[in-house]
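Numbering of ligands and ligand atoms starts at 1, following listing order.
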Amino acid sequence: MDNQKPTILVTGASGQLGSEIKVVSKNYTEEYNFIFTNKTDLPIDDFIALENFFEANQIDYCINCAAYTAVDKAETETELAYAINERGAANLAKICTTHNTALIHISTDYVFNGSATTPIEEGQKTSPTSVYGFSKLKGEQAVIAQCQRAIIIRTSWVYSNFGSNFVKTMQRLMAERTSINVVNDQLGLPTYAKDLAIALLTIVDNWEENLCGLYHFCNTGQPISWYNFASAIKDFTNSPCEINAITTADYPTPAKRPAYSVLSTNKISTAFGINIPNWQDSLARCLKAQ
Ligand SMILES: NC(=O)c1ccc[n+]([C@@H]2O[C@H](COP(=O)([O-])OP(=O)(O)OC[C@H]3O[C@@H](n4cnc5c(N)ncnc54)[C@H](OP(=O)(O)O)[C@@H]3O)[C@@H](O)[C@H]2O)c1
């Protein structure tokens, strides 16, 4: 550890986003020390463990990728979802304030109810429809209440070559079946976790106290449905599998998903000069990297 360089702690680093930050961090080793922790090393719902860790290590920036992300299971594992997404976020916010650490916390489009019809801006009214969405909103509120030096980034439809996600599930199903049914009445924009990882390290590298607050991040382009996204995966991979469009009513899930969750990314692009790639280019890059 080079004591001359600021240190970035990435929590929940074994997940999709944390793994992509690990890859992108290779471009920043001259400027920063990195510490990557996972659920076993540093459980964010364990306040004492966090306190001991921050006492033992000088942390200048913390990027919190740790979360309970099982959207449907959260409907029954409610306590666990809140323990991690609300109280874990609150723990980190409190400890970051004590240690004067700048915090970047990741949240979700599921804090909205899906009734919007144009890209959703940061100040729009939240109204989650699922336990996961509520627990993430509570986490945001705890961060805002307890940490002044915080940036919260809501993102949507995250995928990567790490972990499990829609792109990998579609690829597996397309290999196993001759046809699949995919919901066509939920609109959003996907996020390649590598693009978000690049954006996060750009934000750290251009940190300004007056830019703290809420931001939205997803890939750019025309909003799409999951059916459109699956069709693009089929086209890019030359899969012969037939993709059929179905409605949300045809595919009931324990957690209610927003019908429209397109996030506006104007604020983050302007504030940090981030040029966010188009979703099709990002999907192509992700598939090529497999
Ligand atoms: N995935 C999406 O589509 C999506 C969409 C919008 C927003 N987001 C948000 O984006 C962020 C990153 O998501 P992701 O896709 O990278 O999720 P992910 O792949 O599920 O990664 C989350 C990581 O957090 C770990 N974790 C769980 N409980 C923890 C705890 N108590 N302490 C420390 N680590 C813990 C998980 O470990 P285990 O796997 O061992 O439990 C996992 O490695 C999250 O805040 C998520 O809410 C995700």
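For atom 19 (O) of ligand 1, the closest non-hydrogen atom of the protein is Gln16 N, 2.9 Å. When hydrogens are left out, the protein atom nearest atom 28 (N) of ligand 1 is Lys39 CD, 3.4 Å; that is the closest non-hydrogen contact. The nearest protein atom to atom 32 (N) of ligand 1, hydrogens excluded, is given as Ile44 N, 2.9 Å; this is a heavy-atom distance. Protein heavy atom in closest approach to atom 23 (C) of ligand 1: Gly12 O, 3.7 Å. The single protein non-hydrogen atom nearest to atom 6 (C) of ligand 1 is Thr155 O, 3.1 Å, given as residue, atom name and distance. Among protein heavy atoms, the minimum distance from atom 13 (O) of ligand 1 is reached at Thr69 CG2, 4.2 Å.
Heavy-atom proximity to atom 36 (C) of ligand 1, evaluated over Ala66, Ala67, Gly15, Ser261, is greatest for Ala67. In this comparison of Leu42, Asn38, Thr40, Asp45, the heavy atom closest to atom 31 (N) of ligand 1 sits on Asp45. Considering each of Leu17, Ile153, Val158, Leu80, the one bringing a non-hydrogen atom nearest atom 3 (O) of ligand 1 is Val158. The closest non-hydrogen atom to atom 9 (C) of ligand 1, taken over Leu92, Ile106, Thr11, comes from Ile106. For atom 7 (C) of ligand 1, the nearest non-hydrogen atom from the set Ser107, Ala193, Ser156 comes from Ser107.
Those atoms of ligand 1 with a heavy atom of Ile84 less than 4.0 angstrom away are 28 (N), 31 (N). Each of the following atoms of ligand 1 lies closer than 4.0 Å to a heavy atom of Lys136: 44 (C), 45 (O), 46 (C), 47 (O).
The shell of residues lying under 4.0 angstrom from ligand 1, judged by heavy atoms, includes Cys65.
For atom 41 (O) of ligand 1, the nearest protein heavy atom lies closer than 4.0 Å.
Residue-level proximity to ligand 1 for Tyr132 is carried by the side chain, the only part with a heavy atom below 4.0 angstrom. Looking at Arg154 against ligand 1, nothing comes within 4.0 Å, counting heavy atoms.
Legend: ring-ring contact (aromatic ring centres under 6.0 Å, His included) pairs involving residues 56-75, not counting sequence neighbours, sorted by first then second residue: Tyr61-Trp207.
Residues Tyr260 and Val111 fall within the same hydrophobic cluster, defined by Ile, Leu, Val, Met, Phe, Trp and Tyr side chains chained together at heavy-atom separations under 4.5 Å.
Exactly one of Trp157, Trp226, Tyr227 qualifies for a ring-ring contact (aromatic ring centres under 6.0 Å, His included) with Phe166. That residue is Trp226.
Taking distance alone, with nitrogen or oxygen atoms compared against 3.5 Å, Pro43 stays at or beyond that limit from ligand 1.
In this structure, Phe112 and His216 have perpendicular ring planes: the angle between them is above 60°, well past the 30° mark. Relative orientation of the Phe229 and Trp279 rings is perpendicular, given thresholds of 30° and 60° on the angle between their planes.
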Practice prompt. Starting from the C-alpha separation in whole Å, work towards a yes-or-no answer on side chain to side chain donor-acceptor pair (under 3.5 Å) for Asp60 and Tyr32.
Written response: CA-CA 10 Å; Asp60 298 287; Tyr32 301 100; over 6 Å; no
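Residues passing the side chain to side chain contact (heavy atoms under 4.5 Å, CB included) test with Asn266 are Ser264, sequence neighbours excluded.
No hydrogens or angles considered: a donor-acceptor pair under 3.5 Å links the side chains of Thr155 and Thr191.
Contact check on Asp72 versus Arg257 returns a salt bridge, with a Lys/Arg side-chain nitrogen under 4.0 Å from an Asp/Glu carboxylate oxygen. Salt-bridge formation is detected for the pair Glu209/Arg149: a Lys NZ or Arg NE/NH1/NH2 atom is positioned less than 4.0 Å from an Asp or Glu carboxylate oxygen. A salt bridge links Glu79 with Arg87: at least one charged nitrogen is closer than 4.0 Å to a carboxylate oxygen.
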